[in-house]
S.K.: 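Mind looking over this structure? Questions follow.
FYI, side chains are in, hydrogens and waters are out, and symmetry mates aren't considered; it's all heavy atoms of this structure. Numbers here simply count residues along the sequence, with the first being 1.
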Amino acid sequence: MKEFMLVFRGARQNEEAFAKQSPEQMQAEMAKWNNWMGQIDKAGKLGGGQPLYPHGKVLKGTSKKLTDGPFIEGKDIVGGYLLIKADDINDAVEISKGCPSLDGPDGSVEVREIMPIM
């Protein structure tokens, strides 16, 4: 099996709107993620993953200029990642189709094969 990284973008268009959800809505959203990831784990294809905070630092270029960030359109902010095992890219895409990020109009899942270095 090959390893893939699923990169989630735009799952939370706006952190403020997410924070305003009721506890029941937050719990229902987390249940979707837990169910989807549980299915991947049950199939023996889950490698790990985590959500990411929307803020951080960005280093750029040879000068190593440091800025706060990322400051890009909200729909393009990386919200988290998941490492999975799949037979090939098509299998990885099929697995990603169940991702709760895709429940929203601007959510996306980037599917990338991990290149072995040795």
Side-chain angles (χ1 to χ4, degrees):
M1 288 212 168
K2 298 177 180 182
E3 292 182 299
F4 293 85
M5 177 180 273
L6 307 182
V7 180
F8 311 122
R9 298 181 192 275
R12 292 185 199 155
Q13 284 292 324
N14 147 1
E15 190 175 318
E16 189 175 307
F18 180 77
K20 289 181 181 178
Q21 287 183 332
S22 71
E24 293 80 15
Q25 289 170 313
M26 286 183 187
Q27 191 173 27
E29 185 172 332
M30 289 309 301
K32 287 181 193 178
W33 283 91
N34 289 334
N35 182 46
W36 178 61
M37 291 171 57
Q39 291 174 6
I40 297 169
D41 188 38
K42 187 176 179 182
K45 296 183 175 186
L46 182 64
Q50 297 289 328
L52 300 172
Y53 285 111
H55 53 275
K57 300 285 185 183
V58 177
L59 282 171
K60 285 190 176 184
T62 57
S63 68
K64 297 177 182 50
K65 181 180 177 183
L66 179 65
T67 60
D68 290 331
F71 294 115
I72 53 177
E73 280 189 57
K75 68 182 179 180
D76 290 331
I77 292 175
V78 174
Y81 70 95
L82 194 66
L83 300 173
I84 64 167
K85 295 176 184 175
D87 295 328
D88 54 32
I89 188 90
N90 295 320
D91 186 27
V93 167
E94 283 302 311
I95 291 168
S96 72
K97 286 181 179 179
C99 178
S101 287
L102 301 174
D103 290 349
D106 293 318
S108 70
V109 179
E110 181 179 340
V111 180
R112 302 283 300 269
E113 185 174 350
I114 297 173
M115 184 187 303
I117 56 172
M118 293 209 187

S.K.: Search all heavy atoms of L102 against all heavy atoms of S96 and return the closest pair with its distance.
M.R.: CD1-O, 3.6 Å
S.K.: Strictly distance-based, threshold 3.5 Å: is any side-chain N or O of Q25 a donor or acceptor partner for the main-chain N or O of S22?
M.R.: yes
S.K.: Ignoring hydrogens, what is the shortest heavy-atom contact between A86 and I95? Give both atom names and the distance.
M.R.: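 Residues A86 and I95, closest heavy atoms: CB-CD1, 4.3 Å.
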S.K.: Looking at CD of Q39 and CG of N34, how far apart are the two atoms once the value is rounded to the nearest 0.5 Å?
M.R.: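 That separation rounds to 11.5 Å.
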S.K.: Run the side chain to side chain contact (heavy atoms under 4.5 Å, CB included) test on I89 and V111 for me, step by step, so that the C-alpha distance in whole Å, both residues' side-chain angles and the decisive distance to 0.1 Å come before the verdict.
M.R.: CA-CA 8 Å; I89 188 90; V111 180; 3.8 Å; yes
S.K.: Working note: E3 + E113, criterion side chain to side chain contact (heavy atoms under 4.5 Å, CB included); need CA distance, chi angles, decisive distance, verdict.
M.R.: CA-CA 6 Å; E3 292 182 299; E113 185 174 350; over 6 Å; no
S.K.: Give the minimum heavy-atom separation between L83 and M5, together with the two atoms involved.
M.R.: CD2-CE, 3.7 Å
S.K.: Going from CE on M37 to CD1 on I84, what distance comes out if it is rounded to the nearest 0.5 angstrom?
M.R.: 11.5 Å
S.K.: Should M1 and L82 be regarded as members of a common hydrophobic cluster, given that ILVMFWY residues are connected when their side-chain heavy atoms come within less than 4.5 Å of each other, either directly or indirectly?
M.R.: no
S.K.: Of all the heavy-atom pairs spanning K57 and L66, show the shortest one and how long it is.
M.R.: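 It is CB-CD1, 3.6 Å.
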S.K.: Side-chain contact, heavy-atom cut-off 4.5 Å: K64 with T62?
M.R.: no
S.K.: Testing the basics here: between D88 and F4, what is the closest heavy-atom pair and its distance to 0.1 Å?
M.R.: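 Taking every non-hydrogen atom into account, C-CZ, 3.4 Å.
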S.K.: Return the minimal non-hydrogen interatomic distance between W36 and L6, and the atom names on each side.
M.R.: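 Heavy-atom minimum between the residues: CH2-CD1, 3.9 Å.
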S.K.: Decide side chain to side chain contact (heavy atoms under 4.5 Å, CB included) for S108 and F8; before the verdict, give the C-alpha distance in whole Å, the side-chain angles of both, and the deciding distance to 0.1 Å.
M.R.: CA-CA 6 Å; S108 70; F8 311 122; over 6 Å; no
S.K.: Calculate, to the nearest 0.5 Å, the distance between atoms CD and CD belonging to Q21 and Q27 respectively.
M.R.: 12.0 Å
S.K.: If we only count heavy atoms from C-beta on, is the P51 to Y81 side-chain gap below 4.5 Å?
M.R.: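 No, their side chains stay 4.5 Å or more apart.
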S.K.: Could you check whether E29 pairs with K32 (Lys NZ or Arg NE/NH1/NH2 to Asp/Glu carboxylate O, under 4.0 Å)?
M.R.: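 Judged by the 4.0 Å cut-off on N to carboxylate O distance, E29 and K32 do not form a salt bridge.
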S.K.: How long is the span from the CD1 atom in I40 to the CG atom in L46, to the nearest 0.5 Å?
M.R.: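 So the gap between those two atoms works out to 6.5 Å.
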S.K.: Taking NZ, NE, NH1 and NH2 as the nitrogens, is one of them in K2 or D91 under 4.0 Å from a carboxylate oxygen of the other?
M.R.: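 Salt bridge flag = no for D91 with K2.
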